[in-house]
Amino acid sequence: MSTLKTTSDVSGQLKKLTILKVYSLIYIFGCLGFALLNWKVLTYEEGWGMVGMIGLISLGLLGLIVDFILIKLIPTKWLFHLIELLIVFFFSIELWISFKK
């Protein structure tokens, strides 16, 4: 009976929204929206813009994978949220710097 309870607890943890999960999903949907709105520009010539967009979307998927790993490794909530906030903060700074150029 206890193994059944831990299995449901694990699946319940995966469904919870976390800072990094929400940030990664917003980032992925933002990249998809940008790709749809700028389809002609991204597919011009040989389509290297779409290759770049696939690379950017894979960064969002990497964020979801890192979130999953952190859920499994870090048991304390405050440390978990602090680490995710730091990841989101540094990634946001990197995006901001790249947009400024």
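Throughout, residue positions are numbered sequentially from 1 according to the sequence presented.
Here the closest heavy-atom approach between residue C31 and residue M53 is recorded as O-CE, 3.0 Å. Closest of all the heavy-atom pairs between K16 and K21 is O-NZ, 2.9 Å.
L36 pairs by the side-chain contact (heavy atoms from CB on, under 4.5 Å) definition with nothing, not counting sequence neighbours. Applying the side-chain contact (heavy atoms from CB on, under 4.5 Å) rule to L79 yields the partners I74, T76, I83; only residues at least two apart in sequence or on another chain are considered. Residues passing the ring-ring contact (aromatic ring centres under 6.0 Å, His included) test with F80, sequence neighbours excluded: none. Applying the side-chain hydrogen bond (donor to acceptor under 3.5 Å, both in side chains) rule to W48 yields the partners E46; only residues at least two apart in sequence or on another chain are considered. The side-chain contact (heavy atoms from CB on, under 4.5 Å) search around L37 returns none, not counting sequence neighbours. L73 meets the side-chain contact (heavy atoms from CB on, under 4.5 Å) test with I69; sequence neighbours excluded.
A distance of 9.0 Å separates OH of Y23 from CD1 of I26, quoted to the nearest 0.5 Å. Between F89 atom CZ and I93 atom CD1 the span is 3.0 Å, to the nearest 0.5 Å.
Each side chain to side chain donor-acceptor pair (under 3.5 Å) pair with one or both residues in residues 24-41, not counting sequence neighbours, would appear here, but there are none. Counting only residues at least two apart or on different chains, no salt bridge (charged side-chain N to carboxylate O under 4.0 Å, His left out) pair has a member in residues 75-88. Residue pairs meeting the side chain to side chain donor-acceptor pair (under 3.5 Å) criterion with at least one member in residues 56-69, sequence neighbours excluded: T18-D67. Judged as a salt bridge (charged side-chain N to carboxylate O under 4.0 Å, His left out), not a single pair has a partner in residues 56-65 (not counting sequence neighbours).
The hydrophobic cluster around F29 extends to L25, I28, L32, I57, L61, L64, counting ILVMFWY residues whose side-chain heavy atoms fall within less than 4.5 Å of a member. Under the 4.5 angstrom side-chain criterion for Ile, Leu, Val, Met, Phe, Trp and Tyr, Y44 has no cluster partners at all.
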Next on the checklist: Pair I87, I19 - check side-chain contact (heavy atoms from CB on, under 4.5 Å), show working.
Outcome noted: CA-CA 10 Å; I87 292 171; I19 298 166; over 6 Å; no
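Grouping the Ile, Leu, Val, Met, Phe, Trp and Tyr side chains by contacts below 4.5 angstrom, directly or via other members, places I54 apart from L59. V51 and L56 are not part of a single hydrophobic cluster, where members link through side-chain heavy atoms under 4.5 Å apart. With hydrophobic clusters built from ILVMFWY side chains whose heavy atoms lie under 4.5 angstrom apart, F34 does not share a cluster with V41.
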